[in-house]
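Worksheet: the structure to be examined is printed underneath.
Chain A is the first sequence line, chain B the second, and so forth, proteins listed ahead of strands; every chain is numbered from 1. The basis for the numbers below is simple: all heavy atoms, side chains too, and nothing from hydrogens, waters or symmetry mates.
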Amino acid sequence: EAGVTQSPTHLIKTRGQQATLRCSPISGHTSVYWYQQALGLGLQFLLWYDEGEERNRGNFPPRFSGRQFPNYSSELNVNALELEDSALYLCASSFTTGYGYTFGSGTRLTVV
Amino acid sequence: GIQVEQSPPDLILQEGANSTLRCNFSDSVNNLQWFHQNPWGQLINLFYIPSGTKQNGRLSATTVATERYSLLYISSSQTTDSGVYFCAVVSNFGNEKLTFGTGTRLTIIP
């Protein structure tokens with residue numbers, strides 16, 4: 001069984017540009033979660049999608065947005081990139097609420 | 001929201017030693033997981049353990065939900081065990097997001 005896959009592995013963008021990160025959940029998982037881990041900091045919850053709907057978002061500005069597609073894959077968009085957006089972005093999926101979460105390998109975003 | 005505290009923050013051990021990592025949480029939970037983050041950033045799921053005891057090789061975990069804590073035991077440590085160990089929970093009262101503790105950084109010296 002394939003795990004959670006994220007692309008790209010690394011992404012370098014210039015301040016002010018937009019970044020798009022992608023996540024494919026484990027087959028059969030309907031929920032996708034996005035987390036940000038800035039250097040030296042913990043994992044901060046960004047967004048939760050389930051059945052194509054945004055169910056919850058963390059304390060991040062609106063320039064962080066995303067969507068979930070009919071096949072349950074998900075996209076995270078970060079507009080108007082700032083230097084402090086440089087971080088490891090991790091995606092997780094779960095079968096439904098109350099079950100274990102499985103994480104992908106992450107996308108390391110660097111904003112210069 | 002729910003608070004998750006891990007201790008100790010840092011742990012340096014000789015190869016072959018045993019260790020116990022602790023996770024305290026401030027509210028009742030319906031999900032608790034232990035993860036190992038390797039040097040490349042990948043989060044490896046070690047245990048899904050909202051209650052009870054589980055073992056997997058040299059690792060075992062116990063969650064006492066009524067007392068709001070969980071313990072991760074690592075026996076006969078190997079250098080590959082180095083990394084950051086995170087405890088993460090989902091509160092019974094809300095929004096289904098996984099809330100992470102601040103982690104324990106484990107360094108195993110050969």
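The number of heavy atoms from other shown groups lying within 6.0 Å of CD (B/E5) does not exceed 12. Enclosure of atom CD1 in A/I12 is not indicated, since only 12 or fewer non-hydrogen atoms of other residues, nucleotides or ligands lie within 6.0 angstrom. Other residues, nucleotides and ligands contribute over 12 non-hydrogen atoms within 6.0 Å of the CG atom of A/L83. Annotation: A/R15, atom CZ; neighbour count of heavy atoms from other residues, nucleotides and ligands within 6.0 Å does not exceed 12.
Note that CD of A/Q37 is 5.0 Å distant from CZ of B/F86, once rounded to the nearest 0.5 Å.
The two residues A/Y101 and B/N31 have their closest heavy-atom pair at CE1-ND2, 3.0 Å. Closest of all the heavy-atom pairs between B/K97 and A/F45 is CD-CD2, 3.5 Å.
A/L43 touches chain B through backbone and side chain together, each having a heavy atom under 4.5 Å away.
Criterion: ILVMFWY side-chain heavy atoms under 4.5 Å apart, direct or through other members. Under it, B/F35 and B/L71 are not part of a common hydrophobic cluster. In the hydrophobic clustering of ILVMFWY residues, with side-chain heavy atoms under 4.5 Å counting as a link, B/F25 and B/F100 come out apart. Linking Ile, Leu, Val, Met, Phe, Trp and Tyr whenever their side-chain heavy atoms come within less than 4.5 Å leaves B/V84 and B/L72 in two separate clusters. Clustering ILVMFWY residues whenever any of their side-chain heavy atoms sit less than 4.5 angstrom apart, transitively, puts B/W40 in a cluster other than the one holding A/Y89. Linking Ile, Leu, Val, Met, Phe, Trp and Tyr residues whenever their side-chain heavy atoms come within less than 4.5 Å places B/W34 and B/L13 in a single cluster.
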Audit row: B/L98, A/Y35, side chain to side chain contact (heavy atoms under 4.5 Å, CB included) steps and yes/no: CA-CA 10 Å; B/L98 199 60; A/Y35 284 80; 3.0 Å; yes
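Screening residues 19-88 of chain A for disulfide (SG to SG under 2.5 Å), with sequence neighbours left out, gives A/C23-A/C91. Among residue pairs with one or both ends in residues 2-73 of chain B, those qualifying as disulfide (SG to SG under 2.5 Å) are B/C23-B/C87; sequence neighbours excluded.
Among A/L88, A/L90, A/V4, the single residue meeting the side-chain contact (heavy atoms from CB on, under 4.5 Å) criterion with B/L43 is A/L90.
Contacts between residues 102-110 of chain A and chain B, defined by a heavy-atom separation under 4.5 Å, are made by A/F103, A/G104, A/S105, A/R108. Using a 4.5 Å cut-off between non-hydrogen atoms, no part of residues 57-82 of chain A approaches chain B.
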